[in-house]
2 protein chains.
Amino acid sequence: MPVMPEQPTDRAALRRANLAWVIRVLREQGGLSRAQLAVLSGLSKATVSTLVAELTTRRLVRSGGVAAGGQGRPGQIVELDTDGARGIGLEVHLDHLAATSVDTAGNVVADRQVPFDVLSAGVERTIDKLAEVAGKELGDVVGAYPAGITVSVPGLVDTGRGVVRLAPRLRWREVPLADGLAGRLGFPLDRISVDNDANLAATAEFEAGGMRGTADLVYVTGDFGIGAGVIAGGRLVRGSIGYAGEVGHMSMDPMGPQCSCGRRGCWETQVGLAALFHALAAPGDPVSDPHRSIEERMSLIRTRAEQGDQRTLGALHQIGAALGVGVSIVVNLLSPAVVVLGGYFAALPDWLIEPARIEVAARAVVAEAAAVRVVGSELGFTAARTGGALAALSRVFEDPTQVPERSEKTEAPA
Amino acid sequence: MPVMPEQPTDRAALRRANLAWVIRVLREQGGLSRAQLAVLSGLSKATVSTLVAELTTRRLVRSGGVAAGGQGRPGQIVELDTDGARGIGLEVHLDHLAATSVDTAGNVVADRQVPFDVLSAGVERTIDKLAEVAGKELGDVVGAYPAGITVSVPGLVDTGRGVVRLAPRLRWREVPLADGLAGRLGFPLDRISVDNDANLAATAEFEAGGMRGTADLVYVTGDFGIGAGVIAGGRLVRGSIGYAGEVGHMSMDPMGPQCSCGRRGCWETQVGLAALFHALAAPGDPVSDPHRSIEERMSLIRTRAEQGDQRTLGALHQIGAALGVGVSIVVNLLSPAVVVLGGYFAALPDWLIEPARIEVAARAVVAEAAAVRVVGSELGFTAARTGGALAALSRVFEDPTQVPERSEKTEAPA
DNA sequence: GACCGTTCCATCACGGGCTGAACAAAGGGT
DNA sequence: ACCCTTTGTTCAGCCCGTGATGGAACGGTC
């Protein structure tokens with residue numbers, strides 16, 4: 001039985017939609033006067049005034065001075081009240097836990113990361129520690145409304161129930177993460193969600209950063225595993241069971257090297273971190289030393305590339321080209337405006353991304369499709385948790401009425 | 001500047017949304033009483049009654065007898081009035097033009113196909129003939145409201161302007177098809193649209209047929225070229241410039257055969273019709289004879305396969321497996337619930353689809369993803385124009401108020 | 001067959017939200 | 001100073017969904 005795509009609308013929903021519209025347009029266009037909002041929306045000035053008044057009592061917008069220039073009475077600017085609400089993103093990673101808060105303008109206002117060995121701690125103690133980190137982050141949200149918490153996990157997630165179905169790198173299976181956090185934090189379960197790291201990184205690029213508002217965008221994670229987050233038509237593509245974006249095992253070469261999954265020539269064997277280390281370092285080379293941090297090893301590689309080391313440059317070029325071949329498949333299938341390369345790809349942009357661009361351009365079906373932009377992520381390794389924070393905040397933009405009203409008395413009289 | 005995703009809502013939009021909801025739910029669930037509609041929608045019975053009354057004056061719903069069983073007063077069934085509106089789908093194909101009309105229940109009520117050589121006729125005379133065919137189809141729409149016309153074209157389309165950007169097989173480039181038809185037919189331009197054949201075939205499978213309502217669905221065309229139509233989350237994925245679905249030139253094997261695009265190992269070289277004919281027939285074999293129709297040649301192949309011809313069976317198995325490898329890439333990226341194989345794939349289902357299924361299942365990242373169903377299209381070669389008709393009709397489901405009101409006097413008194 | 005309970009549907013006064021016009025407010029131009 | 005322009009608020013009005021009420025239709029029961 002197909003699920004009904006949209007709910008029928010009553011008056012409250014009408015109001016919610018219009019409040020949400022005002023928030024969205026202010027977020028995208030910055031401060032505007034009521035009159036400008038009325039023109040943009042097609043609603044009457046009276047309606048806009050009441051909408052702004054209601055949003056003000058919920059501390060989602062505030063007065064932002066007067067508009068300069070022009071003749072006639074200057075408009076009073078309405079802008080986002082960035083102190084009104086916060087979204088919180090948490091991140092579970094193999095070797096650390098992290099938390100990030102964003103305000104309604106999309107600015108990161110707090111970020112903390114603690115080293116943590118998830119494998120040796122096990123599931124329960126990891127959730128304990130994650131709740132502790134989240135609790136501190138919630139403590140930093142002083143006057144603002146904590147809209148929600150979204151946890152980024154490198155694995156397959158049942159977003160409906162907040163359960164991590166399978167995260168091989170964490171050795172997690174069927175972990176009820178949202179429940180665990182809700183219980184430990186005393187935070188409402190329906191405002192806690194869990195999602196895949198690639199999906200959230202794509203969300204971050206879409207909602208904030210340089211690619212903001214790009215409705216068709218693909219984010220590719222670069223780690224030992226390769227994953228993708230797909231945004232099409234301004235919506236995250238999850239697939240029928242929420243497992244979209246599993247591009248690491250695309251078959252790229254039937255004669256290629258053996259993959260951990262048992263098959264040959266998966267994309268991961270060509271462009272994964274293991275492939276990078278294998279291609280540019282002999283055994284014993286510090287670059288291959290698993291005890292060093294990824295950042296440190298990236299820094300070593302960067303130094304060698306800058307010094308013109310031939311083996312390093314050759315390996316990077318080869319991996320960049322293979323990256324481009326895989327990206328071209330995604331591009332031809334989905335025709336995004338931008339492909340954002342994250343993880344280690346973004347750490348070595350000068351040597352990986354240009355070869356990838358060339359390959360993508362050469363494999364575009366038509367010239368226009370070659371106009372796709374292939375860029376490194378500006379958010380770097382914080383993309384996933386930033387995306388989580390933005391995703392948590394987005395519920396406010398969809399339904400501003402869930403934010404509690406405050407006493408209107410916030411300004412001192414003259 | 002990002003386009004504002006949704007418009008602000010005024011009261012008329014509220015009404016439209018609720019009218020549209022009633023139509024949609026009746027289309028998916030069949031006839032329902034007002035009371036059932038009220039429970040399903042959460043709206044009051046009073047509101048449902050007024051909605052039904054308004055839809056009745058527009059001849060989109062009608063009374064459908066009384067509900068049997070149960071105690072209390074039996075409900076009066078409200079059902080779609082299938083005579084109220086029609087969607088018209090046109091199809092431009094290399095060797096024929098065709099038209100199809102569907103009623104609001106999704107039934108095909110008229111279908112005509114005329115042989116036509118698009119290449120020798122040229123653009124203008126093709127549009128002339130297409131308008132003639134469309135005019136006859138419009139003539140069959142006697143009392144019903146013709147909601148719109150959508151033309152299926154095997155090529156890249158600017159759906160916003162109704163222009164065929166590039167259709168190599170038709171040798172068309174920058175053809176303003178919607179304008180041409182509107183002028184010749186005297187039909188309102190804003191109700192004529194043009195779309196890619198794979199997109200429309202995917203729409204047809206999504207809106208009608210056995211896969212109806214499957215929100216995540218991929219349709220793969222099987223012809224000389226290979227294309228895909230992608231539906232994700234119940235929405236057609238067009239990509240940033242409308243060129244999504246160009247899967248024919250996915251790089252499957254760096255050492256594979258030369259492709260017409262200049263590269264090696266494109267998927268098309270493995271599973272396109274040319275690959276099929278090459279694999280299972282020597283030169284001079286009637287199966288390779290380009291003067292015979294595709295249907296005739298498929299029939300020959302089917303006969304040989306049924307007789308157990310080893311070369312035929314081997315070739316089909318090999319192509320089916322290559323089909324599965326490509327499909328697995330799409331499945332891992334998008335995680336659809338169903339992949340529908342159309343074109344010639346659907347004409348040889350017993351020999352192509354089973355090997356494809358095996359390959360897809362073997363390449364699924366996790367067991368649940370292997371649950372994807374790989375099926376042949378039931379709509380066969382009419383999928384694209386049926387999808388066009390359904391797409392044209394869908395504007396009525398989105399905004400029922402565009403259908404003109406009629407005099408309420410339709411039933412004879414007792 | 002009369003009565004009752006149940007369910008369905010239409011009607012109507014009510015209320016919430018948007019609208020359009022009128023009006024006060026705040027600036028620039030002459 | 002005066003006028004013009006533009007902004008934002010106020011208010012009566014309208015539209016649409018709501019909840020209550022009551023008639024209608026049917027099964028069950030005595």
Side-chain angles (χ1 to χ4, degrees), chain A residues 6-22 26 31-58 61-79 399-401 405 408 414, chain B residues 7-22 26 31-57 61-79 399-401 405 408 414:
Chain A
E6 286 159 50
Q7 304 250 352
T9 323
D10 61 358
R11 284 190 324 264
L14 174 80
R15 185 71 170 173
R16 271 198 301 276
N18 286 344
L19 290 168
W21 182 88
V22 172
L26 289 178
L32 293 169
S33 71
R34 290 170 180 75
Q36 288 172 309
L37 283 168
V39 172
L40 267 162
S41 64
L43 300 171
S44 66
K45 286 188 296 179
T47 302
V48 171
S49 282
T50 65
L51 290 170
V52 168
E54 178 167 350
L55 289 172
T56 304
T57 69
R58 299 184 194 278
V61 304
R62 66 184 165 212
S63 179
V66 292
Q71 53 182 1
R73 172 178 170 180
Q76 297 172 36
I77 296 295
V78 177
E79 63 180 19
D399 176 14
T401 61
E405 294 190 31
E408 310 93 52
Chain B
Q7 305 248 356
T9 324
D10 61 358
R11 284 191 321 259
L14 175 81
R15 186 70 170 175
R16 272 199 301 276
N18 285 344
L19 290 168
W21 183 87
V22 172
L26 289 178
L32 294 170
S33 71
R34 288 167 180 80
Q36 288 173 310
L37 283 168
V39 171
L40 267 164
S41 64
L43 299 170
S44 66
K45 287 187 294 185
T47 303
V48 170
S49 283
T50 64
L51 291 170
V52 168
E54 178 167 352
L55 289 173
T56 303
T57 68
V61 304
R62 67 183 164 211
S63 179
V66 291
Q71 53 181 358
R73 174 178 168 181
Q76 297 173 36
I77 297 294
V78 177
E79 63 178 20
D399 177 13
T401 62
E405 295 191 28
E408 311 92 51

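In what follows, every heavy atom counts, from backbone to side chain, and hydrogens, waters and symmetry copies are set aside. Convention: sequence-line order gives letters A, B, ...; per-chain numbering from 1.
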What is the separation between atom [atom1] on [X] and atom [atom2] on [N], rounded to the nearest whole Å?
X      : N       : atom1 : atom2 : answer
L14(B) : dG16(C) : CG    : C1'   : 12 Å
L19(B) : dG17(D) : CG    : C1'   : 13 Å
L37(A) : dT6(D)  : CG    : C1'   : 15 Å
L32(A) : dT7(D)  : CG    : C1'   : 14 Å
L51(A) : dT9(D)  : CG    : C1'   : 14 Å
W21(A) : dG17(C) : CH2   : P     : 19 Å
L43(A) : dG20(C) : CG    : P     : 10 Å
R16(A) : dG17(D) : CZ    : P     : 15 Å

N/O donor-acceptor pair under 3.5 Å between R58(A) side chain and T401(A) backbone: yes
E54(A) side-chain N/O to L51(A) backbone N/O, donor-acceptor pair under 3.5 Å: no
Please determine if a side-chain N or O atom of [X] lies less than 4.0 Å away from the OP1 or OP2 oxygen of [N].
X      : N       : value
N18(B) : dG17(D) : yes
R73(A) : dC4(D)  : no
R34(B) : dT7(C)  : no
S44(A) : dC18(C) : no
S49(A) : dT9(D)  : yes

Side chain of [X] - closest among [options]:
X      : options                   : result
Q76(A) : dG8(D), dT18(D), dC9(C)   : dG8(D)
R15(A) : dC9(C), dG17(C), dG17(D)  : dG17(C)
P74(A) : dC18(C), dT18(D), dG27(C) : dG27(C)
A46(A) : dG17(D), dG20(C), dC18(C) : dG20(C)

Steps toward side-chain contact (heavy atoms from CB on, under 4.5 Å) verdict (N18(A), L43(A)): CA-CA 9 Å; N18(A) 286 344; L43(A) 300 171; 4.1 Å; yes
Side-chain H-bond candidate by donor/acceptor type, T47(B) with S44(B), under 3.5 Å: yes
Comparing A12(A) and K45(A) on DNA chain C - which has the more 5′ nearest nucleotide: A12(A)
Euclidean distance, L26(B) CG relative to R62(B) CZ, rounded to 0.5 Å: 11.5 Å
Residue whose nearest DNA chain D nucleotide is more 5′ - R11(A) or A35(A): A35(A)
